[in-house]
K.L.:
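For reference, the structure I am asking about is given below.
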Amino acid sequence: MTSHDEPGRDRDLGMDAPITRRDFLNGVSVAVGGSVAGGLFPGLAASAEAAPSAPQDSAGYYPPTLTGLRGSHVGSFETAHRLRNGDLWSQADKITNTGERYDLVVVGGGISGLAAAYFFRAQHKDARILILDNHDDFGGHAKRNEFQLGGKLALMNGGTYQIDSPRPYSAVADGLLGKLGIDPVALANKCAHRDFYPSLGLGRGVFFDKETFGADKLVVAGGGASWTQLLANSPLSPQAQRDIARVEEAKIDYLPGLSSEEKKSRLSQISYRDFLLNVAKVDPSVIAFYQARTHGEWGVGIDAVSALDVWAFDFPGFRGLDLKPGSAPHMGYTAAGYADGGSPTFHFPDGNASIARLLVRSLVPGSLPGRSAEDAVTARLDYSRLDDPASPVRIRLSSTAIRVRNLGDPASAAEVEIAYVRGGEFYVVRAGACVLACYNMMIPYLCPELPEPQKEALRYAVKVPLIYTSVALANWTSFKSLGISRVYSPGSYFSSFFLNSVVDIGDYHSPRSPDEPVLIQMTRTPVAPGLPERDQHRAGRLDILHTSFATFERNIRDQLTRILGPSGFDPARDITAITVNRWPHGYAYEYNPLFDPDWPEGAAPHVLGRARFGRIAIANSDAGAAAYTDSAIDQAHRAVQELLQN
Ligand SMILES: Cc1cc2nc3c(=O)[nH]c(=O)nc-3n(C[C@H](O)[C@H](O)[C@H](O)COP(=O)(O)OP(=O)(O)OC[C@H]3O[C@@H](n4cnc5c(N)ncnc54)[C@H](O)[C@@H]3O)c2cc1C
């Protein structure tokens, strides 16, 4: 529920409290020199000139500590949107040829782009590489949120949370982690303390909000209470309580007479919502309770996720169906793959930003002090090294690629020309090859010369919008008194929040006392229930881009107050910083058996779309249609091999 701006209420919530809301680095505009350049683009002149220095080159540039609206921050997406709208090139009254010539240019500095640079250099030790990214920080979704709380470093993932995949990591992806010094199993055993909150007696809560359920009520699980006992404290009707208890606890075969395969086939074609309503036959008021349970993993509610998918995640209702382990029959790649054995999991305090930082350490000498994955967590990255002409790999931030083309016939071209915009100025560089590790649906705008069917395939996927918010609190005594470490809040603006995971790694130590400051993460998934999945994502993307920081902040304060207020939480006093990481283009799209055709092997859009085009190859997790780090790495490897073998 969106709370509204009422002056008295805003004061109580602390909307005027002095927290940092600084989301610009050295101002928004980037001062650049420029010159008239010639010959590369029709109607434009060009001459060689070195790329000018930019804010990232100056001492003190350190984006991880910025708060306010982050993720897709202001300044990162406007150029791309103008390119999409067709009104960008009319602003290009001059283009500066930087005169640079690289062996490889990578568009996109996420894990896939960084991994592509790594794999290229692994085979060409002297290669010179330029990585362009439109954000003011590298890493793509692998973003680090860094705070000083009570004089101590506190970290949270701004995007990707942990090493985790429904499949075992490939030899390539696992091998890269190994080269970076990351052993997820050993690190998890040594550094993760998943039992810490339970050891304090903290468990899960469910918050029923009055707008959805008729009354504000927090129900805390634990103490061995049955569902019937727990829900007795909720505002749900007696029928809804009975039905939820049945779905959660009873072992009933709701599809008698069918084999396991037949049941799975049926479940892959109906949503979990329809399963609950029409197969398990629950009261319609039960749906609101489960609606947001799928938000975090799938980016849509239970109306748009197949029952088979959620079975693999141990959702309730399937215990009596006796389904055999194994992935879904129709889709080659679904979350049901978990039943076949996933990857090990490990969460660095800044999530998979540590993987990105370790890649940068290996690519850019002197950028990140230290020698191990453990010491990297607290090491301060020197951003002024990233675009150093002396470095074999350069990472140029705040630079949006706007056109990538083979110079000459793609079949025989030896060079690629890459144009980008930085600080409102237009530049070109040249390279022997280019990996597009950016959002795949943007590629038709970058490479209009691509064959039409390939462009159509690339346009198919719509990335999943998500919001991860890092909120700094002065203490977590209210969590302790309520006996909760995480809350599922199905009707609220943020559908879940939780205390930061407890990890001790290198010199980094998580807080242990409820009196210490802590970070919590609040997640929101903007959805439009009832629409097909891709339409929901389009609507969610707009929602994100049109929501102000003040609206996010007001909802954070309101929701925390309604849940934690009764145990002493005061938003005006206890909230000390807020970083809203908005990802309008979040997870890679994974096909959905409810809405997408069952394409024959090799004919799915992401496979057709990622075909090499002359000296241009395509990576990113989108190219694997899988929203996981292993996909980002595997696709980088494939793209680089395509370039090196041709
Ligand atoms: C909120 C969130 C949580 C996630 N959690 C997990 C998790 O726990 N575990 C997991 O394995 N995966 C997770 N993922 C999936 C994650 O997307 C992948 O694991 C991986 O980080 C994707 O890397 P990538 O390089 O393919 O794409 P990205 O990280 O998206 O990187 C692509 C980069 O290219 C840039 N770019 C795009 N267009 C241009 C252009 N024209 N010019 C210059 N740059 C451009 C983008 O802005 C971006 O910085 C999560 C994703 C999100 C959004």
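Order of listing sets the numbers, starting from 1, for every ligand and every atom in it. A quick note: this is a predicted structure, and the numbers were derived from the prediction, not measured.
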K.L.:
Should one rank Ser621, Ser112, Ala356 by closest heavy-atom distance to atom 22 (C) of ligand 1, which comes out on top?
P.N.:
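The option holding the nearest heavy atom is Ser621.
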K.L.:
Can we say Asp622 and Lys463 salt-bridge, meaning some charged N sits less than 4.0 Å from an Asp/Glu carboxylate O?
P.N.:
yes
K.L.:
Could you identify the single nearest non-hydrogen protein atom to atom 20 (C) of ligand 1 and state the distance to 0.1 Å?
P.N.:
Ala632 CB, 4.1 Å
K.L.:
Just going by heavy-atom distances, which of Gly140, Gly351, Cys438, Gly158 is nearest to atom 38 (N) of ligand 1?
P.N.:
Cys438
K.L.:
Does Asp133 pair with Arg396 as a salt bridge, N-O distance under 4.0 Å?
P.N.:
no
K.L.:
Side chain or backbone of Asn134 under 4.0 Å from ligand 1, or both, or neither, by non-hydrogen atoms?
P.N.:
both
K.L.:
Between Arg394 and Asp387, does at least one N-O distance fall below 4.0 Å, as a salt bridge requires?
P.N.:
yes
K.L.:
Does the ring centre of Phe426 sit less than 6.0 Å away from the ring centre of Trp89?
P.N.:
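Here the rings of Phe426 and Trp89 have centres that are less than 6.0 Å from each other.
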K.L.:
For ligand 1, does Tyr468 get within less than 4.0 Å through its side chain, its backbone, both, or neither, judged by non-hydrogen atoms?
P.N.:
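Near ligand 1, Tyr468 shows its side chain, while the N, CA, C and O stay back.
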K.L.:
Relative to ligand 1, is His135 under 4.0 angstrom through side chain, backbone, both or neither, heavy atoms considered?
P.N.:
side chain
K.L.:
For atom 42 (N) of ligand 1, what is the nearest protein heavy atom, given as residue, atom name and distance?
P.N.:
Ala401 N, 2.9 Å
K.L.:
Could Arg538 and Asp535 be called an ion pair, given the rule that one side-chain N must be under 4.0 Å from one carboxylate O?
P.N.:
yes
K.L.:
Do me a favour and list the nearest non-hydrogen protein atom to atom 29 (O) of ligand 1 with residue, atom name and distance?
P.N.:
His141 N, 2.8 Å
K.L.:
Any idea which protein heavy atom is nearest atom 27 (O) of ligand 1, and the distance to it?
P.N.:
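The protein heavy atom lying closest is Asn620 ND2, 3.2 Å.
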K.L.:
Under a 3.5 Å threshold, yes or no: a donor from one side chain and an acceptor from the other, between Ser621 and Tyr587?
P.N.:
no
K.L.:
Run down the list Ala623, Ala437, Gly159 and name the one with the heavy atom closest to atom 32 (C) of ligand 1.
P.N.:
Ala437
K.L.:
Return the closest protein heavy atom for atom 4 (C) of ligand 1 as residue, atom name and distance.
P.N.:
Thr160 CA, 3.3 Å
K.L.:
Could you see which bit of Tyr161 sits under 4.0 Å from ligand 1, with heavy atoms only: side chain, backbone, both or neither?
P.N.:
both
K.L.:
Record the part of Met442 in heavy-atom contact with ligand 1 below 4.0 Å; permitted values are side chain, backbone, both and neither.
P.N.:
side chain
K.L.:
Below 4.0 Å from any atom of ligand 1, is there a heavy atom belonging to Ala627?
P.N.:
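Yes.
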K.L.:
Should one rank Asp630, Asp133, Thr525, Ile355 by closest heavy-atom distance to atom 49 (O) of ligand 1, which comes out on top?
P.N.:
Asp133
K.L.:
I'd like the name of whichever of Tyr628, Tyr587, Tyr420 reaches closest to atom 52 (C) of ligand 1 through any heavy atom.
P.N.:
Tyr587
K.L.:
Between the side chains of Asp350 and Asn145, does any donor sit under 3.5 Å from an acceptor?
P.N.:
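Side-chain D/A pair, Asp350 to Asn145: absent.
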K.L.:
Less than 4.0 angstrom from a charged side-chain N to a carboxylate O is my criterion; do Asp136 and Arg70 meet it?
P.N.:
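The answer is yes: the pair qualifies as a salt bridge.
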K.L.:
Quick test of your reading of the structure: of Ser399, Gly110, Pro465, whose heavy atom lies closest to atom 31 (O) of ligand 1?
P.N.:
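Comparing heavy atoms across Ser399, Gly110, Pro465, the nearest one to atom 31 (O) of ligand 1 lies in Gly110.
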K.L.:
Do Glu374 and Lys190 meet the salt-bridge criterion of a basic N to acidic O distance under 4.0 Å?
P.N.:
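Yes, Lys190 and Glu374 are salt-bridged.
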K.L.:
Can you tell me which residue and heavy atom of the protein come closest to atom 9 (N) of ligand 1, and the distance to 0.1 Å?
P.N.:
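Checked against all protein heavy atoms, atom 9 (N) of ligand 1 sits closest to Gln162 O, 2.8 Å.
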